[in-house]
Amino acid sequence: MTAPRLNIDLDKIFHNARMLVERLTGRGISVTGVTKATLGSPEIAAALLRAGVCSIGDSRIENIETMRRASIRTSMTLVRSPMLSQATRVVAHSDVSLNTELNVIRKLSQAAQEATKLHGVILMVELGDLREGIMPSDLVDIVRKTLRLPNIAFKGIGTNLACRSGVSPDEKNMAQLSALATLVEDNCGHAVEIVSGGNSANLQWAFGGASVGRVNDLRLGESILLGREPLQRKPIDGLHTNAITLSAEVIESKVKPSQPWGTVAQSAFVEKPLETDRGDISQLILAIGQQDTDPFGLAPPPGIEVLGASSDHLILASAQDSHNIGAEITFQLNYSSLVRAMTSPFVEKVVNAERG
Ligand SMILES: *Cc1c(COP(=O)(O)O)cnc(C)c1O
């Protein structure tokens, strides 16, 4: 088989999605399955839909277009604020977008009029993580203005936490989102149908037992694909953490000193500082590097340790004296490693057929 290679197990992805959908349904929350880490894979989107997600979300209109071309028929949400320059494409191929700028929504309205379509808008609110979002005190005013725009359907509000600053979703900020939904209804006389509470980082809160208030949607990517919650990166009960793995091939296996020699200056990539001298070690090189993945987000099998990486070489220490040249080592990966591997043209993507 070709290496390096992402091994994508659709059955495990289906299982993860199904478990999350079932558990959240019990809390009155529907799931938007987020495909952005998969380059908008139509096979993965189809597995998520079979598992019961109510819609598909992606951050790139290009990925949404890929899924449309592959005849994925469901409501599609663009989860990054649309670029003004892409408004026409956004209206043509997505049904809903998450928004924070009135000028963008005006442009979407124009594009929707030209296309004689209705485009759904969810307004994102800033609740402390300092990525996207309208400041809460400006929300009512922007909802009022959005409601007046032709061919725009105001669907609801949402927030996104834990992505930039690591601010965790909790009872306090989620209660604030619920309160804002009610405030909007009281002031604008329009139902807030969707209250989209956040991403995989919301699961601890959602399963925590406290009331979920008005939150009725979560946008989940990482937890479905990797089976982990992103706050502590702990495995989620009953989910597979190896639905996607990365295999790479051994191109050198030698016993070498653990410390470099000569005059040491900067290397091509910033690396973890070298640890203490361990004497001679069994060192492996795999044909994969910074161009293909995030080397330090890889979880190697027992007995193997990631030491460093350059553009094309991954350096490992092994507890085993030597490895066969041409052998493969398979890793679990974190989100950063996954996203980079998915977007590298050098990494083959092999999707195992669903067993049903
Ligand atoms: C990426 C993203 C998600 C999904 O996040 P995960 O941590 O992968 O579940 C949800 N909402 C927005 C706005 C995003 O950008």
Side-chain angles (χ1 to χ4, degrees), residues 13 16-17 19-21 23-24 29-41 44-45 48 51 53-64 75-83 90 94 96-101 104 120-134 155-169 173-174 177 194-207 215-236 239 241 243-244 294 297 333-340 342-343:
I13 292 173
N16 285 357
M19 296 287 278
L20 290 169
V21 165
R23 290 178 197 171
L24 287 168
I29 295 176
S30 61
V31 174
T32 295
V34 177
T35 49
K36 69 185 184 207
T38 74
L39 268 183
S41 158
I44 292 175
L48 301 189
V53 307
C54 66
S55 62
I56 293 290
D58 203 290
S59 53
R60 311 272 171 153
I61 193 63
E62 294 83 352
N63 290 346
I64 288 178
S75 172
M76 297 261 190
T77 300
L78 183 67
V79 302
R80 184 174 69 184
S81 186
M83 287 184 233
V90 171
S94 71
V96 178
S97 54
L98 308 187
N99 285 272
T100 63
E101 290 289 349
V104 172
V121 162
I122 293 176
L123 293 175
M124 296 295 276
V125 189
E126 175 63 68
L127 292 181
D129 197 50
L130 299 180
R131 205 180 73 177
E132 74 274 38
I134 296 162
K155 292 274 189 194
I157 63 174
T159 195
N160 194 70
L161 296 170
C163 273
R164 181 187 161 201
S165 313
V167 171
S168 304
N173 48 39
M174 287 299 108
L177 187 66
I194 298 174
V195 181
S196 190
N199 54 49
S200 295
N202 282 64
L203 290 173
Q204 266 175 13
W205 161 81
F207 297 141
V215 173
N216 58 12
D217 172 77
L218 289 179
R219 311 173 302 272
L220 303 181
E222 177 168 358
S223 50
I224 294 175
L225 299 173
L226 299 178
R228 290 174 191 272
E229 56 76 34
L231 293 175
Q232 273 89 39
R233 299 242 134 74
K234 285 202 292 266
I236 301 170
L239 268 58
T241 56
I244 306 180
D294 176 355
L333 2 70
N334 74 6
Y335 195 72
S336 158
S337 299
L338 173 66
V339 169
R340 271 163 71 178
M342 274 286 181
T343 48

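By convention here, the first residue in the shown sequence is residue 1. All heavy atoms count here, side chains included; hydrogens, waters and symmetry mates do not. Just so you know, ligand 1 is whichever comes first in the structure, and atom 1 is the first atom listed for that ligand.
With values rounded to the nearest 0.5 angstrom, Ile194 atom CD1 is found 7.0 Å from Thr77 atom OG1. Summarising the geometry, atom NZ belonging to Lys36 is positioned 10.5 Å from atom CG belonging to Leu78; distances are rounded to the nearest 0.5 Å. Once rounded to the nearest 0.5 Å, the distance linking CG of Leu161 with CG of Asp129 reads 5.5 Å.
Across all non-hydrogen atoms, the minimal contact from Glu126 to Glu132 is OE1-O, 3.9 Å. When all heavy atoms of Ser168 and Leu231 are compared, the pair lying nearest together is OG-CD2, 3.9 Å.
Scanning the protein for heavy atoms near atom 5 (O) of ligand 1, the closest one is Asn199 CB, 3.2 Å. Closest protein heavy atom to atom 8 (O) of ligand 1: Glu222 N, 2.8 Å. Looking at atom 13 (C) of ligand 1, its nearest protein heavy atom turns out to be Val79 O, 3.4 Å. Shortest contact from atom 11 (N) of ligand 1 to any protein heavy atom: Arg219 NE, 2.8 Å. Looking only at heavy atoms of the protein, atom 9 (O) of ligand 1 is closest to Ser200 OG, 2.5 Å. In terms of protein heavy atoms, atom 15 (O) of ligand 1 is closest to Lys36 NZ, 2.7 Å.
For ligand 1, the atoms sitting less than 4.0 Å from at least one non-hydrogen atom of Leu220 are 9 (O), numbered in the order shown with element in parentheses. In summary, the atoms of ligand 1 found under 4.0 Å from a heavy atom of Glu132, numbered by their order in the structure, are 13 (C).
Remark: distances from the non-hydrogen atoms of Arg131 to ligand 1 include one below 4.0 Å.
The distance criterion of under 3.5 Å between nitrogen or oxygen atoms is not met by Val34 with respect to ligand 1.
When only modelled atom types and interatomic distance are considered, Ser223 and Arg228 share no side-chain donor-acceptor pair under 3.5 Å. A donor atom on one side chain and an acceptor atom on the other are found under 3.5 Å apart for Thr32 and Asp217.
Annotation for Arg23: atom CZ counts as buried by contact number, over 12 foreign heavy atoms lying within 6.0 Å.
The part of Asn160 lying near ligand 1 is the side chain, judged by heavy-atom distances below 4.0 Å.
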